[in-house]
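Below: one structure, written as structure tokens.
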Amino acid sequence: MSQIDPSQIVTRFAPSPTGYLHVGGARTALFNWLLARNTGGRFLLRIEDTDIARSTEDATRQLVDDLKWLGLEWDNAELVYQSRRLDIYNKIIDGLMSRGLAYEAWETQTEMEALRKSAERARRPFLYKRTNYTADQLAQFKAEGRKSVVRFVMPVKEYSFRDVVLDKDITQPANESQDFVIRKSDGMPTYHFGVVIDDEEMGVTHVLRGLEHLKNTFNHIALQEALGYRRPTYAHLSVMLNPETGEKLSKRDRDRRIRKRVQEVMRSTKRPAPDIAAAAQMELPRFEHWLATETVQLDLTEQPKVMAVVGLTEGDLPEIMIHDFRRNGYTPEVLLNFLALQGWSAGGDDEKFTIPELIKRFTVDRINASNPKFNREKLRSFSTDFFAAASPERLLSALRDYLRVNPESSLNRGTDEQLATILRVGHGFHTLRDMDEKARFLLIPDAEIRYAPDAVAKILLKNDGEGTKALAGVRGLLASATDFTGHALEAAVKSYCEEKQLGLGKVAQPIRVAVCGTAVSPPIFECMEFIGKPSVLARIDRALTIAAAS
RNA sequence: GGCCCCAUCGUCUAGCUGGCCUAGGACACGUCCCUUUCACGGACGCGACAUGGGUUCGAAUCCCAUUGGGGUCACCA
């Protein structure tokens with residue numbers, strides 16, 4: 001083997017545009033990007049849109065947006081779309097056919113299915129065998145309007161390649177060679193074909209991809225040999241698993257979470273299905289079908305409605321797409337750091353890295369072969385630490401980004417200065433969503449404060465309205481305060497409590513409920529300063545009215 | 001089911017050219033401290049080499065088997 005000049009390393013990420021970027025795809029992209037950046041090589045992006053039915057332009061845009069958001073910039077100025085390269089593929093396929101290395105096959109998908117079924121019944125593995133059609137058959141197929149596919153004549157021999165993650169040679173015996181499809185009946189190349197041609201033409205030297213492609217590699221090698229192409233270095237990455245199911249992380253996991261919650265709610269509240277379906281504005285048969293069928297998923301309009309009915313929020317669902325993480329208030333540097341640790345480690349005890357550190361320390365030989373379970377708790381902890389250490393500028397830009405994808409948040413009303421204050425007062429949060437949920441009352445009109453019934457009951461009404469009395473008592477003090485800063489308010493309320501022989505909590509908690517609507521908030525005196533005296537008094541009056549009416 | 005891959009605390013992992021390991025770190029969890037709430041923070045603690053055989057003076061580290069988990073068997077990538 002010749003020594004590869006590291007500066008010549010070319011990697012690529014080649015997603016198929018079927019939706020937002022999946023977290024597993026993001027990790028694959030990250031590893032390829034890291035390898036290129038670590039060695040001063042190039043990282044390329046190619047769109048594998050050969051599945052016409054599933055690929056959309058929207059999806060391509062979302063994919064590109066997610067990659068940009070992550071900061072995984074690619075080095076090809078022009079994106080490569082496979083769908084625009086049909087001429088190139090067809091020319092090569094014609095060449096293969098003229099050399100007798102590829103041929104047309106006429107079996108329909110139903111016929112293929114039947115063949116597979118019978119092989120299964122006979123309990124032997126199915127391998128496609130070339131059939132010789134008579135002239136009559138061919139004429140009949142064409143008369144029927146059948147469309148042929150093109151299959152590659154895969155030489156029957158043992159194939160072997162070295163996988164640098166597994167650090168071993170992977171071999172496929174000769175009797176598993178099979179003439180696989182390289183051009184589909186719609187004229188598009190298959191993945192196997194496009195990937196081989198494009199990797200060669202783009203000069204890709206290193207292919208880091210998911211483990212699900214391990215066996216495909218033999219097909220690719222056979223094609224490379226037939227075409228006289230170079231063989232890139234292969235590295236197959238482990239599969240990230242859902243910690244609850246132990247299966248591959250899947251978009252379906254979110255749906256599963258909702259279904260589980262619906263079932264819990266139905267069991268505990270004895271609320272019947274028709275009732276929930278109606279509340280979610282869904283047809284009952286559709287709702288029941290979904291409820292009973294794992295493989296059926298709610299669509300994007302149904303999902304939020306059902307969630308609202310059973311009291312689930314965005315933050316309760318497992319994030320699967322990069323966009324989910326963005327919406328839930330994670331930053332790219334945290335996500336990337338964490339993703340790098342799913343299957344890779346720097347060795348030793350270090351695990352918190354900036355992006356430049358990641359680039360510097362990344363090597364392929366430290367990638368692990370076993371499948372990690374995706375542990376969101378730890379990601380959350382990384383996020384907490386990141387926000388605790390971030391500069392005010394980074395905090396604000398992260399929050400602005402979060403708000404762009406969460407337009408319904410009340411914090412969108414804030415000025416930069418206000419948001420900076422909120423960020424400072426509310427420090428110690430895990431994610432921006434967490435911060436948003438805790439601090440959103442700061443930027444909504446007094447009349448729109450919603451008083452949480454359990455907080456009102458526990459803090460204001462309990463013990464014969466003890467809290468309400470305390471609130472009414474301290475109102476005068478607040479109304480007459482001349483200095484409405486957090487410090488001054490705290491000092492004033494503290495001395496008030498001493499004077500009245502009350503614990504601080506006995507007074508502070510009722511104020512909190514009155515001002516925030518909940519029993520939980522950032523430090524209350526600073527919140528009061530932020531909101532200002534008129535609003536604080538208005539909110540207290542409103543709370544007193546509500547308490548009196550309860 | 002066939003073929004392939006993998007196997008250290010609940011989780012992510014360090015360690016794997018055998019002795020520095022009565023196995024290290026982080027998350028989670030538990031106790032305590034801080035505290036006007038929730039968090040944050042601090043201290044301490046709990047906790048693993050899947051099993052069975054080898055090889056060796058000596059194995060988490062090497063070999064084999066078993067078990068378990070995962071992947072794959074498309075005109076989807």
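Chain letters run A, B, ... following the sequence lines, proteins first and then strands; every chain starts at 1.
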Base paired to U31(B) (Watson-Crick or G-U; both N/O distances under 3.5 angstrom): A43(B)

In whole Å, measure the gap between the P atoms of G41(B) and C62(B) for me. 38 Å

Asn328(A) and Glu319(A): side chain donor to acceptor below 3.5 Å: yes

Touch class at under 4.0 angstrom, heavy-atom based, for Lys373(A) against every strand present: sugar-phosphate

Tell me if a side-chain donor or acceptor on Arg151(A) pairs with a main-chain N or O of Ala102(A) at a distance below 3.5 Å. no

Whole-angstrom distance between G68(B) and A50(B), as gauged at atom C1': 7 Å

With a 4.0 Å cut-off on heavy atoms, is Arg46(A) in touch with a base, just the backbone sugar-phosphate, or nothing at all? nothing

When we call it a touch if two heavy atoms are under 4.0 Å apart, what does Gln172(A) touch: a base, just sugar-phosphate, or nothing? nothing

Write down the distance separating the P atoms in C40(B) and A23(B), rounded off to the nearest Å. 30 Å

Over 60° means perpendicular and under 30° means parallel, so classify the ring planes of Phe382(A) and Phe338(A), tilted if in between. perpendicular

For the side chain of Asn32(A) and the backbone of Thr28(A), is there at least one donor-acceptor N/O pair under 3.5 Å apart? yes

Pair Asp316(A), Arg257(A) - check salt bridge (charged side-chain N to carboxylate O under 4.0 Å, His left out), show working. CA-CA 9 Å; Asp316(A) 295 324; Arg257(A) 177 79 189 80; 5.9 Å; no

U11(B) pairs with, by Watson-Crick or G-U criteria that keep both distances under 3.5 Å: A26(B)

Does Arg27(A) make a cation-pi contact with Phe31(A) (under 6.0 Å, within 45 degrees of the axis)? yes

Any base atoms under 4.0 Å from Gln109(A), or only sugar-phosphate, or nothing? Heavy atoms, all strands. base

Select base, sugar-phosphate, or nothing to describe what Pro523(A) touches, counting heavy atoms under 4.0 Å on all strands. base

Hey, are His430(A) and Ser381(A) close enough side-chain-wise for a donor-acceptor pair under 3.5 Å? no

Here's a test of your reading of the structure: between Val149(A) and Asp349(A), which maps to the more 5' nucleotide of RNA chain B? Asp349(A)

Side chain of Thr50(A), backbone of Met188(A): donor and acceptor closer than 3.5 Å? no

Heavy atoms only, 4.0 Å cut-off, all strands: where does Gly503(A) land among base, sugar-phosphate and nothing? nothing

Sugar-phosphate only, base, or nothing, as touched by Ser521(A) at under 4.0 Å among non-hydrogen atoms: base

Using the C1' atom on both, measure U35(B) against C21(B) and round to a whole Å. 41 Å

P atoms of A26(B) and U72(B), separation to the nearest Å: 35 Å

Pairwise P distance for C63(B) and C5(B), with rounding to whole Å: 13 Å

Does A74(B) pair with anything, Watson-Crick or G-U wobble, both distances under 3.5 Å, and if so, with which nucleotide? none

Determine the contact category for Thr50(A): base if any of its heavy atoms lies under 4.0 Å from a base atom, sugar-phosphate if only primed atoms, P, OP1 or OP2 are that close, otherwise nothing. sugar-phosphate

Does anyone know the first and last nucleotide of RNA chain B in reach of chain A, 5' to 3', at under 4.0 angstrom to a heavy atom? C3(B) to A77(B)

If C16(B) has a Watson-Crick or G-U wobble mate with both distances under 3.5 Å, name it; if not, just say none. none

Classify the nucleic acid contact of Glu48(A) as base, sugar-phosphate or nothing, counting any heavy atom under 4.0 Å across all strands shown. sugar-phosphate

Heavy atoms under 4.0 Å, any strand shown: does Lys438(A) hit a base, just sugar-phosphate, or nothing? base

Pairwise C1' distance, G54(B) and U11(B) [rounded to whole Å]: 33 Å

Checking N1-N3 plus N6-O4 or O6-N4 for Watson-Crick, or N1-O2 and O6-N3 for wobble, each under 3.5 Å, the partner of U51(B) is A65(B)

Looking at Asn90(A) and Leu86(A), would you say the former's side chain and the latter's main chain have a donor-acceptor pair under 3.5 Å? yes

Tell me what Asn368(A) touches on the nucleic acid: a base, only sugar-phosphate, or nothing, going by heavy atoms under 4.0 Å. sugar-phosphate

Ala369(A) vs Lys494(A), nearer the 5' end of RNA chain B by closest nucleotide: Ala369(A)

Categorize Pro173(A) for me: base, sugar-phosphate, or nothing, with a 4.0 angstrom heavy-atom threshold over every strand shown. nothing

So what does Arg116(A) touch, heavy atoms closer than 4.0 Å: a base, only the sugar-phosphate, or nothing? sugar-phosphate

For C16(B) versus U61(B), give the span between their P atoms, rounded off to a whole number of Å. 12 Å

If you look at every strand shown and take non-hydrogen atoms under 4.0 Å, does Asp385(A) touch a base, only sugar-phosphate, or nothing? sugar-phosphate

